[in-house]
Protein chains: 2
Amino acid sequence: MPRAGLSPQAVVREAAVLADEVGHDRLTLAAVASRLGVALPSLYKHVKGVDALHQKLAVLATAEVATELTTAAAGRAGGDALRAVAAAFRDYARRHPGRYPATQRAPDPADPEHLAAAERAVRAIYAILHGYGLDGDAAVDATRMFRAAVHGFITLEAAGGFGLPRDVDRSFDQMVAALDTAYRDWRS
Amino acid sequence: MPRAGLSPQAVVREAAVLADEVGHDRLTLAAVASRLGVALPSLYKHVKGVDALHQKLAVLATAEVATELTTAAAGRAGGDALRAVAAAFRDYARRHPGRYPATQRAPDPADPEHLAAAERAVRAIYAILHGYGLDGDAAVDATRMFRAAVHGFITLEAAGGFGLPRDVDRSFDQMVAALDTAYRDWRS
DNA sequence: GCCATAAAGCTAATGTTGTTAGCTTTCTCC
DNA sequence: GGAGAAAGCTAACAACATTAGCTTTATGGC
């Protein structure tokens with residue numbers, strides 16, 4: 001019988017695909033094993049358990065988000081950059097509905113890779129706001145507001161929380177425009 | 001052997017208390033039954049299953065939030081009302097960390113009580129923004145922005161997503177102040 | 001007061017998932 | 001070619017959710 005040739009990476013990648021298909025909360029070791037054509041306990045050679053799998057998925061997703069945000073911001077500044085990064089954020093969440101919630105997990109202080117990915121994502125936003133002339137505490141506050149607004153919008157949208165017929169895309173654009181204005185006139 | 005005297009309400013209330021203690025995702029029928037001094041299958045006389053329990057918990061939590069937002073808004077207008085409602089929202093989430101996530105669940109269209117509670121919560125916000133002179137699509141957009149920003153802030157805070165030492169309360173105040181300004185100058 | 005009945009609670013059994021232990025097989029390196 | 005590490009397996013157990021079917025309690029009509 002040939003060997004499956006797994007690795008921690010391969011397991012996490014399959015978990016990511018599965019999470020996107022069935023939802024983050026329905027991600028299960030049993031399903032991952034079945035997908036990989038392997039018995040469930042075999043996974044324990046690559047991940048410590050279901051909790052560790054979620055942790056690794058968080059690192060993967062955070063790194064992907066960081067890369068997409070950074071790419072979106074490249075070569076842009078001000079309102080252009082803000083809109084591009086906001087759109088990239090939302091796009092990622094819609095393309096990867098299972099990975100995105102994993103991003104919410106607080107970075108494990110003991111995992112340098114996780115910390116680095118999280119910092120890379122935040123820095124992409126921070127840099128844009130720095131371009132608005134924001135600095136120090138103001139830049140921190142502004143970054144938090146950006147993350148809160150965009151993340152909140154994304155999760156409410158994904159949960160079907162917007163019932164009214166008004167176009168959701170337009171509401172998002174309006175929100176990002178309001179953020180742009182707020183940053184221009186920011187007073188700390 | 002005396003009877004426990006349960007009811008659907010009593011089960012959901014205990015589930016709410018438990019969720020606040022152990023976290024929304026660790027809410028389990030087994031623990032609820034144990035708390036109520038009853039065997040696990042006995043709960044099925046009152047709730048259809050774990051999914052239905054989450055659904056009922058969502059209704060309970062949404063109704064509670066709606067009441068608190070409405071109370072906070074009473075007798076206030078403009079920036080005062082905005083700040084009071086935002087604070088009430090955040091307070092609720094911090095006092096009830098297990099119930100709050102249940103709020104995210106989209107209202108079940110087949111459950112009039114759920115729909116009514118959700119609408120009551122949204123209306124509390126909508127009314128305030130109406131006081132800013134916002135109407136129609138603009139009011140819808142503004143309401144969505146408010147919900148997104150506050151909800152996003154709350155969940156990021158709860159998840160430990162704000163790593164830097166900058167005071168989180170101040171960041172929240174800054175965000176609400178920025179929302180106030182944005183609504184004053186709103187241009188659709 | 002007594003009994004019929006519905007509801008509340010129970011035990012037993014089953015399926016799914018996660019986890020650990022310990023064995024076998026495959027790959028790799030000397 | 002063989003030693004040893006790593007990958008995979010089966011077996012066993014615990015927790016949870018769920019269903020079936022039984023027993024007991026409360027209650028309402030007579």
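Only heavy atoms go into these numbers, but all of them, side chains included; no hydrogens, no water, no symmetry mates. A note on names: the letters A, B, ... follow the listed sequences, proteins ahead of strands, and every chain is numbered from 1.
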Novice: Determine whether the aromatic ring centres of Tyr183(A) and Phe146(A) lie less than 6.0 Å apart.
Specialist: no
Novice: Compute the ring centroids of Tyr92(B) and His96(B), then answer whether they are less than 6.0 Å apart.
Specialist: yes
Novice: Do Lys48(A) and Gln55(A) have side-chain heavy atoms sitting under 4.5 Å apart?
Specialist: no
Novice: Determine, stepwise, if the pair Asp20(A) / Tyr100(A) fulfils side-chain hydrogen bond (donor to acceptor under 3.5 Å, both in side chains).
Specialist: CA-CA 9 Å; Asp20(A) 283 339; Tyr100(A) 181 74; over 6 Å; no
Novice: So what is the end-to-end bend of the helix from dG1(C)-dC30(D) to dC30(C)-dG1(D), with 5 pairs used at each end and the value given to 10 degrees?
Specialist: 10°
Novice: Taking 4.0 Å as the cut-off, does a side-chain nitrogen or oxygen of His46(B) come that near to OP1 or OP2 on dG9(C)?
Specialist: yes
Novice: In Å and rounded to the nearest 0.5 Å, what is the CD to CG distance from Glu14(A) to Leu27(A)?
Specialist: 10.5 Å
Novice: Taking the side chain as every heavy atom from C-beta outward, state whether Val17(A) and Glu21(A) have any atom pair closer than 4.5 Å.
Specialist: yes
Novice: Looking at Ser42(B), does any N or O in its side chain come under 4.0 Å of the phosphate oxygens OP1/OP2 on dA8(C)?
Specialist: no
Novice: Tabulate atom names and distances for all N/O pairs under 3.5 angstrom spanning the protein and nucleotides 13-17 of chain D.
Specialist:
residue: dC16(D); atom: O3'; partner: Thr28(B); partner atom: OG1; Å: 3.0
residue: dA17(D); atom: OP1; partner: Thr28(B); partner atom: OG1; Å: 3.4
residue: dA17(D); atom: OP1; partner: Leu29(B); partner atom: N; Å: 3.3
residue: dA17(D); atom: OP2; partner: Thr28(B); partner atom: OG1; Å: 2.9
residue: dA17(D); atom: OP2; partner: Leu29(B); partner atom: N; Å: 2.9
residue: dA17(D); atom: OP2; partner: Ala30(B); partner atom: N; Å: 3.0

Novice: Look at the side chain of Lys45(A) and decide which nucleotide, out of dT11(C), dG9(C), dA7(D), has an atom nearest to it.
Specialist: dA7(D)
Novice: Set out, in order, the CA-CA distance, both residues' side-chain angles and the distance that settles salt bridge (charged side-chain N to carboxylate O under 4.0 Å, His left out) for Arg94(A) and Glu157(A), then state yes or no.
Specialist: CA-CA 10 Å; Arg94(A) 295 208 277 194; Glu157(A) 182 183 12; 3.4 Å; yes
